[in-house]
Amino acid sequence: MAREGFLDYLTAHRRGASEKREIESPEEMAKEIKKVAKLFGAELVGITYFDERWVYTHKYSRRSEDEQEMDLPEGLTSAIVVCHEMDHALLETVPSALSGTATGVGYSQDAVTLLALAQYIQNLGYKAVASMNDTALSIPLAIKAGLGEYGRHGLLITPEMGPRLRIGKVFTDLPLVHDSPVRFGVKEFCDICRKCSDACPPTAIPDGEPSEVTYNRSNIPGISKWTVDGEKCFDFWAKQVTDCSICLRVCPYSRDYPAPLNRFRIKLMGTFLRRFLLWLDNFCGGGDRKPPSWWWFDSYTK
Ligand code: SF4
Ligand code: SF4
């Protein structure tokens with residue numbers, strides 16, 4: 001069976017081992033999986049339990065042009081969530097046709113890492129389903145896997161690279177210990193910051209408190225959170241005939257500093273200094289758009 005495009009999970013090309021390797025320690029196995037995922041290109045890896053609340057009930061088939069039951073194997077117990085960083089300089093040119101490259105490259109890296117990781121697990125004799133945007137929501141799984149917090153713009157914000165990332169996951173029955181969610185002050189920072197909601201052209205991002213409001217069938221009912229009107233957002237994309245991601249560009253968590261400095265800055269954003277950090281970001285022109293010509297001729301040459 002071949003993958004049916006963007007809406008389907010990735011198909012493994014080889015069968016795995018017929019016998020399961022005995023796993024004595026799920027802790028050690030989790031360490032091994034994280035190491036291997038990083039070897040295959042993942043920048044961040046977290047593990048959580050397989051939670052059917054985030055799995056789609058149906059998928060859309062492009063071949064038959066109708067909906068079909070989700071056909072995941074029985075007995076899945078864990079989701080291994082991996083992230084790849086999106087290029088910061090490209091994202092500074094958002095919105096532009098050029099900036100879409102950051103997304104495309106992220107997806108391509110995701111596919112390589114996820115397929116290799118799923119094959120590794122299958123070779124240990126266990127089930128593994130590699131998934132990108134299909135099959136289940138990635139952001140709740142990433143939060144449960146301890147990779148970051150939820151931002152006002154509805155995206156995962158990590159301590160390492162903010163929201164500049166693509167997320168993929170592998171569902172498996174391999175025995176693994178699970179990570180716990182982390183808090184580093186994103187909610188409190190978003191409470192005082194409105195850069196994404198102010199900058200969103202179709203006003204798809206809420207500027208108030210988290211709530212249970214839903215706008216259309218693309219939103220999940222019954223959860224109190226900042227809910228983005230995804231249909232308004234995508235309508236804007238379609239009209240301008242390219243990606244948008246302005247919310248990603250303007251977010252103060254998106255800046256690109258050397259890793260130790262960025263870690264320290266993001267740590268401070270979670271303290272009583274958050275108002276000062278927000279002021280500093282605005283003062284320094286954080287998130288201002290650069291033209292695509294800047295990327296071609298001036299970026300990386302400083
Ligand atoms: S991608 Fe653009 S339109 Fe969509 S929520 Fe972000 S800023 Fe708004
Ligand atoms: S732009 Fe500001 S409000 Fe929006 S997600 Fe980023 S930190 Fe939160």
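Read the numbers this way: they start at 1 and go in the same order the structure lists the ligands and their atoms.
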message: Give me the nearest non-hydrogen protein atom to atom 8 (Fe) of ligand 2 as residue plus atom name, then the distance to 0.1 Å.
response: Cys190 SG, 2.3 Å
field: Numbered atoms of ligand 1 (with element) below 4.0 Å of Cys244, judged on heavy atoms
entry: 1 (S), 2 (Fe), 3 (S), 7 (S)
query: For ligand 2, which atoms, with element, lie under 4.0 Å from some heavy atom of Tyr253?
result: 7 (S)
- prompt: Checking Asp173 side chain against Lys127 main chain: does a donor-acceptor pair fall under 3.5 Å?
  reply: yes
task: For the pair Thr271 (side chain) and Leu273 (backbone), establish whether a donor and an acceptor sit closer than 3.5 Å, ignoring hydrogens and angles.
output: yes
Under 4.0 Å to a heavy atom of Cys200 - the qualifying atoms of ligand 1, by number: 3 (S), 5 (S), 7 (S), 8 (Fe)
Ser78 side chain to His178 side chain, donor-acceptor N/O pair below 3.5 angstrom: yes
- line: Among non-hydrogen protein atoms, atom 3 (S) of ligand 2 lies closest to Cys193 O, 3.1 Å
query: Is atom 4 (Fe) of ligand 2 less than 2.8 Å from at least one N/O/S atom of Cys196?
result: yes
message: When you compare the side chains of Lys169 and Ser131, does any donor N or O come within less than 3.5 Å of an acceptor on the partner?
response: yes
message: With a cut-off of 2.8 Å, does Cys233 put an N/O/S atom close enough to atom 4 (Fe) of ligand 1?
response: yes
field: Geometric cation-pi criterion Arg166 and Tyr107, 6.0 Å radius, 45° cone
entry: yes
message: Out of all atoms in ligand 1, which are within 4.0 Å of some heavy atom of Cys247? Include the element for each.
response: 1 (S), 6 (Fe), 7 (S)
- prompt: Mind checking whether Phe234 and Trp237 have parallel, tilted or perpendicular rings, split at 30° and 60°?
  reply: tilted
message: Within the 4.0 Å heavy-atom shell around Pro202, which atoms of ligand 1 are there?
response: 3 (S)
- prompt: Is the closest heavy-atom distance from Trp237 to ligand 1 below 4.0 Å?
  reply: yes
